[in-house]
Amino acid sequence: MADCVLCGCCLEGCPLLAATGREELSPRAKALLAGPSKWNAGELPETDVAALTGLCLGCGRCEKLCPQGVRVPVLMAAMRAGHPDFKQWLWKQWITKLGPFWSLAARGAALAPEAFVPGSLGLALKGLKGLRPGKGLAPWLSITRFPAQAFAAKHAGRAVAVFDGCVGQGPRAAWAETARFLLRGLGAEIVEAKFSCCGSTLGMAGLPEAQADARRANIAAWRGAGRPLLATYCATCRKGLAEYAAGGIAGGLFADEAEAALWRAAVTPLAALLAGAAAKTGRGAPAIVGYHQPCHADLNDGAGDADLALLSGLLGLRLRTPAKGGCCGFGGILQLVAPELSLKVGRGCWTSLDGALGFSAAPEVTPAYVLTGCSGCAMQLSATAPRGAQVGHWLEIILRK
Ligand code: SF4
Ligand code: SF4
């Protein structure tokens with residue numbers, strides 16, 4: 001990775017800098033401290049490393065703007081990994097122990113007295129409360145035309161596996177069911193495979209070995225299923241999966257370049273497979289629907305945001321998106337280290353949504369109604385939503401009939 005030249009191009013994209021005005025939290029400051037030629041991370045005092053590396057959302061907005069190709073989230077992950085006393089043990093517990101029981105954890109979060117919830121987990125648990133089973137949005141959109149011919153022409157003979165991610169496998173199993181309903185509508189042959197966590201959260205928490213294990217398990221499951229298309233409905237999962245093949249065979253995950261290329265071409269947003277679908281609204285449809293664009297929706301690879309394209313086609317003028325969408329503030333490990341900053345960034349996001357939707361002017365008449373396409377964003381927006389607001393993944397509005 002190239003070294004930082006301190007140009008400052010990344011500054012305008014950093015939600016943490018925008019929310020706090022603190023230059024020491026900026027990507028430039030982090031790149032300067034963590035860059036290859038500036039410091040040996042191992043020489044920094046542990047407390048400084050913890051403070052620095054914990055205060056990053058991992059949103060990747062800075063790397064999209066960097067002309068040098070500096071990847072601050074990757075630098076932060078490496079520094080976390082180099083300092084084992086860092087709080088990654090807590091995040092590891094959260095993901096590896098709690099992950100399979102998220103459904104239960106979500107119920108537990110709803111029941112746990114706030115006084116018994118550790119302060120640093122409060123916001124994360126609040127997010128889980130928002131995702132607990134039975135608490136999704138009521139559906140109101142019927143698909144009237146599936147682009148089955150276009151799907152068959154493009155992917156003839158290729159089966160599809162759905163990568164549900166931790167939330168789709170746990171508290172929001174309804175997302176998984178709706179994803180399969182939509183694929184059946186396309187006429188797709190669906191194959192089931194036992195996937196693990198995509199691993200990106202583990203990597204960001206400074207747990208490269210756990211991340212590599214998750215990646216190997218997912219590739220093995222994909223091979224076992226006959227190397228099908230991999231449809232995802234979480235922007236962060238998609239980014240995490242796409243990165244498996246970013247270095248070709250250099251990462252040691254794939255047998256050869258051909259298999260790496262096959263993986264690269266296999267990972268696809270579910271929404272992209274549905275491009276060209278038509279729908280009609282039913283009872284309960286809100287007059288105005290907001291869309292929160294996840295930071296990880298645009299991979300900077302020219303693919304754009306397939307969720308936004310699909311929803312624009314299905315909802316037309318009903319859909320509103322902030323001209324300058326903000327980060328929700330989920331930020332993985334930041335929630336554990338500095339939940340107040342996560343909340344501050346989240347409030348800024350709701351302010352930009354309000355600018356597009358205007359819900360604060362008459363919240364009783366037009367309450368906030370916001371859809372997104374990322375599990376982390378859905379959790380965080382649920383945790384930070386103003387009173388009366390409704391938040392969910394776009395899959396929740398689809399009627400399954
Ligand atoms: S990853 Fe996001 S929060 Fe972290 S430095 Fe970059 S822009 Fe700022
Ligand atoms: S990280 Fe990239 S964009 Fe930011 S100051 Fe350094 S070289 Fe410039």
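Values in this document were obtained by computation on a predicted structure and should not be read as measured data. For this chain, numbers begin at 1 and follow the sequence in order. Numbering of ligands and ligand atoms starts at 1, following listing order.
- Remark: ligand 1 atoms within the under-4.0 Å shell around heavy atoms of Leu57 are 3 (S), 4 (Fe).
- Exactly one residue among Leu353, Leu381, Leu137 makes a side-chain contact (heavy atoms from CB on, under 4.5 Å) with Val391. That residue is Leu381.
- No hydrogens or angles considered: a donor-acceptor pair under 3.5 Å links the side chains of Gln380 and Ser342.
- Looking at Pro15 and Cys59, their side chains come closer than 4.5 Å, going by heavy atoms from C-beta outward.
- Atoms of ligand 1 found under 4.0 Å from any heavy atom of Cys56, numbered from 1 in the order shown, are 1 (S), 4 (Fe), 5 (S).
- A donor-acceptor pair shorter than 3.5 Å cannot be found between the side chains of Arg347 and Thr384.
- Near Pro73, the atoms of ligand 1 lying under 4.0 angstrom from a non-hydrogen atom of the residue are 1 (S).
- Residues forming a side-chain hydrogen bond (donor to acceptor under 3.5 Å, both in side chains) with Glu23 (at least two apart in sequence, or on another chain): Ser26, Arg28.
- No more than 12 heavy atoms of other residues, nucleotides or ligands shown are found within 6.0 angstrom of CD on Gln149.
- Each of the atoms 5 (S) of ligand 1 lies under 4.0 Å from some heavy atom of Lys30.
- Take atom 2 (Fe) of ligand 2 and draw a sphere of radius 2.8 Å; the protein N/O/S atoms inside it number 1.
- Rounding to the nearest 0.5 Å places CH2 of Trp394 at 9.0 Å from OG1 of Thr178.
- Among Leu315, Asp305, Leu274, the single residue meeting the side-chain contact (heavy atoms from CB on, under 4.5 Å) criterion with Leu310 is Leu274.
- The distance from ligand 2 to the heavy atoms of Gly8 drops below 4.0 Å at these ligand atoms: 5 (S), 8 (Fe).
- Counting only heavy atoms of the protein, atom 2 (Fe) of ligand 1 lies nearest to Cys59 SG, 2.3 Å.
- Taking every heavy atom of Gly58 and a limit of under 4.0 angstrom, the matching atoms of ligand 1 come to 1 (S), 4 (Fe).
- Contact record, Cys237 with Phe163: SG-CE2, 3.9 Å, taken as the closest heavy-atom pair.
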Begin from the C-alpha positions of Leu241 and Trp263 and carry the test side-chain contact (heavy atoms from CB on, under 4.5 Å) through to its verdict.
-> CA-CA 9 Å; Leu241 294 172; Trp263 174 273; 3.9 Å; yes
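- Using a 4.0 Å cut-off between heavy atoms, Leu6 contacts ligand 2 through its backbone alone, with no side-chain atom that close.
- If you number the atoms of ligand 1 from 1 as listed, the ones under 4.0 Å from a heavy atom of Cys14 come out as 3 (S), 7 (S), 8 (Fe).
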